[in-house]
Structure formats: C-alpha cells, structure tokens
There are 2 protein chains.
Amino acid sequence: MMKITIKDIAEKANVSVATVSRVVNNKSKGVGEDTRKRILELVEEYNYQPSAVARGLVTKKSKIIGLIIPDLTNPFYPKMAKGIEDEASKHGYNIILCDGNNSMDKEAAYLDFLGEHYVCGIIYNNFKNISDTILNKILKSSLPLVFIDSKPEIKGCKCVYLDNHKAMYDMIEYLIHNGHRRIGFMTGPLDSYSINERYKGYLKALEDNGIAIDSDLVVQGEYAIKDGYDAMERLLETGTDMTAVACCNDLMAIGAMEKIEELGMCVPEDISVVGFDNIEMTRLVRPKLTTVAQPIYDMGREAARMIINIIEGHGKHTQDNLVFEPSLVIRDSVKKIEK
Amino acid sequence: MMKITIKDIAEKANVSVATVSRVVNNKSKGVGEDTRKRILELVEEYNYQPSAVARGLVTKKSKIIGLIIPDLTNPFYPKMAKGIEDEASKHGYNIILCDGNNSMDKEAAYLDFLGEHYVCGIIYNNFKNISDTILNKILKSSLPLVFIDSKPEIKGCKCVYLDNHKAMYDMIEYLIHNGHRRIGFMTGPLDSYSINERYKGYLKALEDNGIAIDSDLVVQGEYAIKDGYDAMERLLETGTDMTAVACCNDLMAIGAMEKIEELGMCVPEDISVVGFDNIEMTRLVRPKLTTVAQPIYDMGREAARMIINIIEGHGKHTQDNLVFEPSLVIRDSVKKIEK
DNA sequence: TTGAAAGCGGTACCAG
DNA sequence: CTGGTACCGCTTTCAA
C-alpha cells in the first residue's frame with residue numbers, strides 16, 4: 001500500500017499540486033471555497049499526510065528539537081525532559097529524545113544523528129566534559145545548541161544550569177552546623193562540570209570552616225544506586241571517624257544507605273547521609289533523605305524557551321547563561337551531634 | 001553558515017555528485033582509489049554530513065523507529081525504552097522516543113508526527129484502549145507497528161505483553177494463602193488491556209477460592225504515587241475489615257503505603273500492600289514491597305527485534321503475540337494471618 | 001571508472 | 001483563483 005502523495009490528491013481533485021499545497025498549508029487566500037472544500041474532503045478520505053521529509057527538504061525547517069540526556073533511568077532526567085517537552089509543545093515543537101546511556105561515544109553518535117536529520121536545534125545534557133571530538137562537531141555545526149545542567153568551556157555557548165558550587169557549599173555548611181567535622185564526599189566522575197563544581201563547594205566549605213581536607217574521606221563512583229552502594233563500601237574502609245557523607249546525587253546516596261544498613265549500622269544514628277537532586281525516591285526511602293533540590297522541571301522549560309528563541313531569531317539578546325538557585329530539603333537523614 | 005552539500009564536495013573534488021554519493025555510501029566498487037581518497041579527505045575537512053532528509057526522500061527508508069510510551073516519569077518505561085534502544089542500536093536503528101504524557105490526544109498527535117516523518121516502524125505502548133480515531137490512523141497507515149504491554153482488538157496485530165491475568169491471579173492467591181480474605185483492589189483505568197486483565201485475574205482468584213466479590217473493596221485511580229495515595233483514602237472509607245490491598249502498579253502501591261502510614265497505621269501489621277512491576281523503588285521503600293516482576297527490559301528487546309524483523313521483511317512468519325511470564329517477588333509488605 | 005539526468009514529495013515563485 | 005515549474009539534496013539507473 002503506497003503512501004498517498006500530494007500528486008495523488010491533486011489528480012483526484014483535478015487541480016494542480018500547487019493548489020493542494022496551498023490548502024493543506026492553510027494559505028488558502030486565493031483558493032476558491034469549493035475547490036478548497038473538495039480538496040479537504042479528499043485529504044480526509046485518503047488520510048493524506050504530507051511528508052515532513054519532503055517538506056523539510058525544501059523549507060529546511062522542522063520544528064523538531066533534539067534532546068540528549070545521559071541516562072533515562074535516573075529519574076532526574078525524565079523530569080527535565082518533561083519540562084522541555086511541555087514548553088516545546090506549547091510552541092509547536094516536537095522533541096526527539098536520545099539517551100546517551102552514560103557514554104561519550106553514544107552521545108557523539110547522537111550528535112551526528114541529529115545533525116544529519118533536520119532538527120532545528122539541540123538541547124544537550126552532556127554527562128562529562130565534552131571531548132575534543134564532540135567539541136569539534138559542535139563548533140563545526142551551525143545548529144542552535146543549548147547546554148543544560150552543564151557549562152562547557154566554549155565562548156558564547158548558551159547554558160542553563162544550577163549553581164552547583166553554592167548548592168554543595170550550603171549542604172556541607174548545614175552538616176557542619178549540625179556538628180559534623182569528619183564529612184565524607186562521594187563524588188561522581190570529576191570530569192563533569194556539575195560534579196566538579198560540587199566538589200569545589202565541598203572543599204571550600206570545609207576550608208571556610210577551618211576543617212582540614214582529608215583525601216581518605218572522598219570516593220569516586222558512577223551515578224547509579226549500585227555505584228553508590230559499592231562506593232560506600234570503599235569509603236568505609238578509608239574514612240575513619242566519619243560521621244556524615246555527602247553524595248553527588250540521590251541515587252548514590254540511596255545506594256550508600258543500603259550498604260550502611262546492610263552492615264548493621266543506622267542512618268543517621270551511626271552515620272548521616274545526604275543526597276543531591278531531590279528525586280521523588282528521597283521522600284520514600286527511610287529515613288527520608290536530606291538533599292538539595294534543583295528546579296529541574298523549570299530548568300527544562302527555560303532551556304526549551306531559550307533554544308526556541310534562538311531558533312526563531314528572537315535570540316540575539318538572549319543571555320548566555322541562566323543559572324538557577326538550589327534549595328536545601330531538610331529531612332531525616334542527618335543527625336545533630338551535640339558538642 | 002550554510003550546510004555543506006554533496007554538490008559542494010563534488011565541485012571541490014572536481015567530480016560528479018554521483019561519484020561522491022558512491023564513496024560516501026561505500027559503494028566504491030567502480031571508483032578510482034585516488035578519487036576515492038580525495039573525496040574522503042574533503043568530506044573530513046568540511047565535516048560533510050549527508051542530509052538524512054534528502055536521502056530519506058529518495059530511499060524511503062530511515063532506520064528510525066518511533067516509540068510511544070505513556071509516561072517517562074514512571075520508572076517502568078525508561079527500563080523498557082532501554083531494552084528497545086539497546087536491541088535497536090545493535091541493528092543500526094535509532095529510536096525517537098515520544099512521551100504521550102498519559103493522554104490519548106498526545107498519543108494521537110505523536111502517531112501523526114511519526115507518520116509524517118519517515119520512521120520505518122512504530123512501537124506503541126498505548127496507556128488505554130485505543131480510541132476509534134487512533135484505530136483509524138493505525139488501520140490506514142502502512143507502517144509496521146508492534147504493540148508492547150498491550151493487546152488491542154485488531155486482527156493480526158503484533159503484540160508483546162505480559163500474562164497479566166496470571167500475574168494478578170497468582171498474587172491474589174499468594175495473599176489468600178497468607179490468610180487474607182478481605183482483599184482490596186486498587187485498579188488503574190479499566191479501559192486499558194493490561195489493567196483489565198489484572199482486574200479479571202483478581203476476580204477469578206477470589207472466585208476460585210470461594211471468596212465473595214465486594215465492590216466496596218475496589219477503587220480506581222490513575223497511575224502515579226499521588227493517585228495511589230488519594231485512592232487509598234477512598235478505599236479505606238468503603239473497605240471495611242480489609243486486611244490487604246493489591247495495587248495495579250508499584251507507584252500506586254507506594255502512594256497507598258504513604259497514606260496508610262500517615263494515618264498512623266502500619267504495613268503490613270495493620271494492612272498488607274502489594275504492587276506490580278517491580279520497579280527499583282520497591283526494594284528501597286520500607287517495608288520492602290512485595291510485587292510482581294515483569295521482564296520489561298527483555299520485553300523491550302523482543303519488541304525491537306520483532307519490529308525490525310517486520311521492517312526487514314524477515315517477518316512473514318513472525319508470530320503475532322509474544323507473551324511473557326510474570327514472577328512474584330516476595331518481600332516484606334504482606335503479613336501472614338494465622339487462622 | 002565516471003557523469004548526466006530522472007526522480008523522491010513537497011514549496012514557492014511567476015504567469016496567466 | 002489557479003497552474004506550471006524550478007528547485008531542495010540525494011540515490012540510482014543508463015550511457016559513455
């Protein structure tokens with residue numbers, strides 16, 4: 001069953017393709033009411049769908065925004081995607097969602113993929129600092145691009161992200177105010193902008209409070225629950241006298257809690273744990289996890305708005321960086337230590 | 001900065017576009033080694049990316065599979081998407097992921113969207129029984145289509161799904177064997193194939209065990225945590241003497257547990273709760289939730305394999321239905337009632 | 001080994 | 001108000 005084309009409709013209606021094109025695109029000024037109606041009926045009857053491909057070839061526009069995220073199974077990202085999606089559809093744009101699967105190669109492949117197809121812009125949540133290969137692709141590409149949840153070293157690139165430094169700084173200070181001084185840090189890969197900022201925030205907070213930095217108190221891991229679980233095991237071996245751990249995301253924190261509990265210890269009595277992101281799980285887990293909230297849905301919306309501005313050319317004066325403020329969500333996973 | 005086209009490369013290389021096309025597509029038999037090299041260099045230098053759009057227009061093939069799911073924020077679906085993605089990329093296919101946002105209209109819109117673009121097939125996880133509008137779109141479309149996690153009333157349609165009836169039947173029997181007889185049922189919208197099957201499984205298990213059906217023991221809600229929370233409140237009002245509730249998905253079950261706890265009661269001491277899907281959260285929540293596991297990642301992979309078979313024409317003998325077996329995951333949210 | 005040219009399904013401009 | 005037609009960027013015969 002061949003797909004119906006504009007030519008088929010034109011034949012059946014005894015008009016030219018130009019006319020069909022006119023009515024299909026609602027540029028009906030200059031089309032007789034009767035022909036218009038006849039064509040519309042045919043369109044309906046044969047379920048004619050204009051090929052966006054052919055159309056894209058001539059118009060070079062597509063109303064499709066590509067979105068690359070690191071990992072769909074971290075609940076943080078679907079929420080971001082929703083924000084982007086909601087804002088985009090409001091403006092008639094569709095999203096192509098690509099899950100980079102925590103792999104630079106996959107991300108690079110998707111960048112190519114999106115470049116070859118006619119997306120009109122890309123929102124890119126790179127999970128690590130971009131490699132030279134990727135940097136090159138981006139530089140050579142003329143596609144509008146906004147980074148979300150990161151801020152690469154590219155002059156003039158558009159970014160929306162959280163003030164990660166402040167976020168972690170505040171969190172560590174909160175821990176310190178609660179009497180903690182031996183504070184562990186569970187980091188993700190440090191070659192990620194966000195993670196690196198968080199790490200710096202941790203360091204700075206310790207420093208500002210006159211607490212010595214101890215590398216035995218920091219472990220590095222990947223981002224999933226299982227990774228936090230594993231990392232906690234390692235941290236417990238090196239981190240003597242540790243009374244609290246700050247984790248770089250909620251998933252890791254939850255994994256850490258699992259490990260602690262499995263070892264017969266209690267959170268927060270034996271050790272306090274805090275996370276980052278405020279995903280829904282943090283509310284559900286026992287004890288409820290203290291964490292820092294990112295307005296991720298809104299960040300998504302703003303990123304969408306930003307790229308649409310650029311695409312539609314209203315973006316000459318769009319600011320380069322949009323940075324959001326974090327907020328602490330205090331729950332039950334931190335113990336107050338009396339002095 | 002205009003995008004580089006095949007013509008540009010051809011000019012620079014002093015050859016025809018046909019030749020460039022040949023080398024770009026590795027149909028190099030019949031291209032001089034030197035010209036070949038020269039062209040490849042140009043391609044590299046100018047970062048030439050052939051327009052998949054133009055190519056798609058002529059070849060009518062695209063290696064893109066559209067995937068429609070109900071809601072990205074239910075962790076069940078990202079896992080399914082991963083399965084599909086992984087299998088698809090193994091065969092060189094890409095996925096366009098569309099989040100229907102629990103809305104038929106959105107789903108319909110995406111169906112159109114995918115139809116207009118040149119995807120080569122669609123994997124569709126409809127969240128409710130398909131409407132006539134959608135049925136029509138599907139019937140009129142010539143695109144390969146496989147349904148996942150549902151089984152619509154369309155002759156000859158390809159489906160991969162769980163034996164939902166058996167799943168819920170087994171779960172209810174498990175409850176009964178543990179001494180429960182006043183068992184509540186928290187259902188999702190009944191005009192969904194999967195949900196309806198689960199409901200029937202519930203009914204059948206009661207019947208087979210000589211337990212009277214009591215409509216005061218069933219509530220209906222939507223699928224999110226909040227919905228389960230709300231539904232539980234209603235159920236508690238009508239469901240007298242209820243000792244257990246079976247929920248149609250884990251999210252609802254978790255919401256139900258929240259409500260129960262908030263009311264000062266305990267799970268499972270005061271009331272047992274079971275879920276469905278075995279999302280990761282069920283392991284994390286306290287008490288750990290007893291639920292039924294769907295091999296959703298594998299189901300995704302099989303769905304991908306199925307549609308690729310159809311697309312590539314090896315699918316003449318593909319079976320219509322692929323049904324997976326559920327398995328109970330017994331954890332801590334069910335109390336054994338001594339007789 | 002290479003080139004010319006006919007489309008693919010539309011859009012948009014120019015005529016009539 | 002409508003039709004003819006030149007592209008858009010690429011693939012694919014058919015000839016040379």
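A quick note: this is a predicted structure, and the numbers were derived from the prediction, not measured. Below, chain A is the first sequence line, B the second, and so on; all start at residue 1.
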Next item on the list: Quick one: list whatever passes side chain to side chain contact (heavy atoms under 4.5 Å, CB included) with B:Glu302, sequence neighbours left out.
Entry: B:Arg305, B:Leu322, B:Phe324

Check: OP1, OP2 of C:dG3 versus side-chain N and O of B:Thr19: anything below 4.0 Å?
Finding: yes

Checklist line | Nearest-angstrom distance from the residue atom CD1 of B:Ile9 to P of C:dT2 | finding: 17 Å

Check: If every non-hydrogen atom of B:Ala81 is compared with every non-hydrogen atom of B:Leu97, which pair is closest and at what distance?
Finding: CB-CD1, 4.2 Å

Checklist line | Global bending angle along the helix from C:dT1-D:dA16 to C:dG16-D:dC1, which compares the axes of five pairs at either end, to 10 degrees | finding: 40°

Notebook entry, point to check: Could you give all pairs that pass the salt bridge (Lys or Arg N to Asp or Glu O under 4.0 Å) test and reach residues 125-134 of chain B, with sequence neighbours left out?
Noted result: none

Next item on the list: Figure out the OH/C1' separation between A:Tyr46 and C:dG9, and round it to whole Å.
Entry: 19 Å

Checklist line | Nucleotide-resolved protein contact map, nucleotides 8-16 of chain D, B/S/- at heavy-atom distance under 4.0 Å | finding: BBBBBB---

Notebook entry, point to check: Taking only residues two or more places apart in sequence, or in another chain, which ones meet A:Pro70 in a side chain to side chain contact (heavy atoms under 4.5 Å, CB included)?
Noted result: A:Tyr77, A:Asn102, A:Asn125, A:Phe127

Margin query: Please classify the nucleic acid contact of A:Asn14 as base, sugar-phosphate, or nothing, using heavy-atom distances under 4.0 Å.
Written below: sugar-phosphate

Next item on the list: Would you please name every residue forming a side chain to side chain contact (heavy atoms under 4.5 Å, CB included) with A:Leu57, sequence neighbours left out?
Entry: B:Val53, B:Ala54, B:Leu57

Tabulate below the donor-acceptor pairs under 3.5 Å that side-chain atoms of residues 144-152 of chain A make, not counting sequence neighbours, or state none.
residue	atom	partner	partner atom	Å
A:Asp149	OD1	A:Ser194	OG	3.3
A:Ser150	OG	A:Asn126	OD1	2.5

Next item on the list: Return each pair, listed once, that meets salt bridge (Lys or Arg N to Asp or Glu O under 4.0 Å) where at least one residue sits in residues 106-124 of chain A; pairs must be two or more places apart or across chains.
Entry: A:Lys106-B:Glu85, A:Asp112-A:Lys137

Note to self: Can you list everything that forms a side chain to side chain contact (heavy atoms under 4.5 Å, CB included) with A:Lys90? Sequence neighbours excluded, please.
What the structure shows: A:Glu87, A:Arg301

Note to self: Would you say A:Thr35 places a side-chain N or O within less than 4.0 Å of OP1 or OP2 belonging to D:dT2?
What the structure shows: yes

